Amino acid sequence: MIGFLGVGRMGLPMCANLVRAGHEVVAHDLRPERRAPALARGCRWAADASEAAASADVLVTMLPGPHEVVEAMTGPGGALPALRAGATWIDMTSNSAVSAEPVRVQALAGGVDVLEAPVGGGVTAAEDGTLKLYVGGDREVLERNRPLLEVLGDPRRIVHLGGHGTGYTAKLLVNLLWFGQAVATAEALLLGRRAGIDLGVLRGALSDSAAASEFIRRDLDALLAGDYMTSFGVDRCHEELANVVAQARALGVPFEVSSSVERIYRRALARYGAADGELLAVALLEEEAGVELRWPFR
């Protein structure tokens with residue numbers, strides 16, 4: 001039986017895929033309005049995290065961030081005391097290694113195996129069962145749980161990064177580089193526009209050059225259509241950036257460029273509040289420049 005904590009935009013389709021694969025899933029979310037969609041997809045509903053974990057062979061957490069994981073696992077009605085020895089906890093949250101460590105240590109001390117497998121790919125990949133998984137933890141535990149993980153992720157893109165903490169760090173680095181590409185691309189386009197270069201011509205030149213990036217190839221056209229990617233909140237973007245900057249500081253790694261990306265997202269959070277939009281940092285730059293990056297090019 002699988003306990004599943006967090007049935008939001010990502011967690012709900014993940015639960016549905018597990019049910020379709022023949023697993024019994026007992027789900028819980030702090031938002032009572034998530035109960036009906038979970039039941040409609042074949043899950044049972046638990047009154048709290050403890051109930052979801054009580055009979056679980058595997059407990060999956062897919063939560064908004066580090067604080068929510070700590071609360072779900074160790075807070076009132078938390079899952080960790082209810083997990084039996086021999087069960088496995090798989091945290092698929094975009095968590096931080098520092099925040100997760102005390103919970104992991106407590107779980108291991110109680111005989112619970114632990115994997116981290118934060119995901120990439122967004123809602124569509126969650127629906128299709130083709131998520132990318134950045135796995136940290138013991139390889140033996142990964143292999144034992146691989147059939148379950150392959151229901152949720154593309155088998156070719158389940159990457160074992162190493163021991164505990166490495167999966168969390170890799171996912172944060174992936175997001176850091178994407179946020180950095182977005183900000184740098186926006187700044188380049190704003191400058192080119194102000195310098196009198198046709199935006200369409202410049203976009204084509206960049207995409208067919210050594211400066212081409214995944215952001216330019218895959219995501220730029222959405223931005224140019226006015227889509228700030230509202231599937232994720234700017235507060236969560238900043239939280240992830242702050243976590244990775246703090247980790248770099250703790251490990252003594254120079255991080256000046258990445259720290260500037262974090263500062264821009266911090267300013268975007270101050271400007272727009274906890275609004276949905278992974279690219280609201282770009283909206284901030286557009287606002288400050290007095291220029292919108294939009295089709296049709298003008």
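Keep in mind it's a predicted model, so treat the numbers as computed, not measured.
Other residues, nucleotides and ligands place more than 12 heavy atoms under 6.0 Å from the CG atom of L108. Enclosure of atom CZ in R31 by more than 12 non-hydrogen atoms of other residues, nucleotides or ligands within 6.0 angstrom is indicated.
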In a table with atom names and distances, give each donor-acceptor pair under 3.5 Å that connects a side chain of residues 2-23 to protein atoms at least two apart or in another chain.
residue: R9; atom: NH1; partner: T230; partner atom: O; Å: 3.3
residue: R9; atom: NH2; partner: S231; partner atom: O; Å: 3.0
residue: N17; atom: OD1; partner: R20; partner atom: NH2; Å: 2.4
residue: N17; atom: ND2; partner: P13; partner atom: O; Å: 3.4
residue: N17; atom: ND2; partner: A126; partner atom: O; Å: 2.8
residue: N17; atom: ND2; partner: E127; partner atom: O; Å: 3.4

Without placing hydrogens or testing angles, list every side-chain donor-acceptor pair under 3.5 Å for residues 79-91, not counting sequence neighbours.
residue: R84; atom: NH2; partner: D57; partner atom: OD1; Å: 2.6
residue: W89; atom: NE1; partner: T61; partner atom: OG1; Å: 2.9
residue: D91; atom: OD1; partner: T61; partner atom: OG1; Å: 2.7
residue: D91; atom: OD1; partner: T93; partner atom: N; Å: 3.2
residue: D91; atom: OD1; partner: T93; partner atom: OG1; Å: 2.8
residue: D91; atom: OD2; partner: N95; partner atom: ND2; Å: 2.9
residue: D91; atom: OD2; partner: Y168; partner atom: OH; Å: 2.7

Would you sort out whether E288 and R267 count as a salt bridge (charged side-chain N to carboxylate O under 4.0 Å, His left out), showing the intermediate values? CA-CA 11 Å; E288 291 175 346; R267 290 196 289 115; 2.4 Å; yes
Salt bridge (charged side-chain N to carboxylate O under 4.0 Å, His left out) between R157 and E150, intermediate numbers included: CA-CA 9 Å; R157 306 181 86 181; E150 289 184 352; over 6 Å; no
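Atom CD in E262 sits 3.5 Å away from atom NE2 in H238 (nearest 0.5 Å). Taking CZ of R236 as the reference point, atom CD of E68 lies at 4.0 Å (rounded to 0.5 Å).
Residue pairs meeting the salt bridge (Lys or Arg N to Asp or Glu O under 4.0 Å) criterion with at least one member in residues 100-125, sequence neighbours excluded, are D113-R144.
Not a single donor-acceptor pair under 3.5 Å links the side chain of T74 to the backbone N or O of E71. A donor-acceptor contact shorter than 3.5 Å is absent between the side chain of H164 and the backbone of D138. A donor-acceptor pair is defined here as one N or O able to donate and one able to accept, closer than 3.5 Å; such a pair exists between the side chain of N243 and the backbone of E239. A donor-acceptor contact shorter than 3.5 Å links the side chain of H28 to the backbone of A46.
Clustering ILVMFWY residues whenever any of their side-chain heavy atoms sit less than 4.5 angstrom apart, transitively, puts V141 in a cluster other than the one holding V112.
Taking the charged nitrogens against the carboxylate oxygens, D29 and R35 have no contact shorter than 4.0 Å, which rules out a salt bridge.
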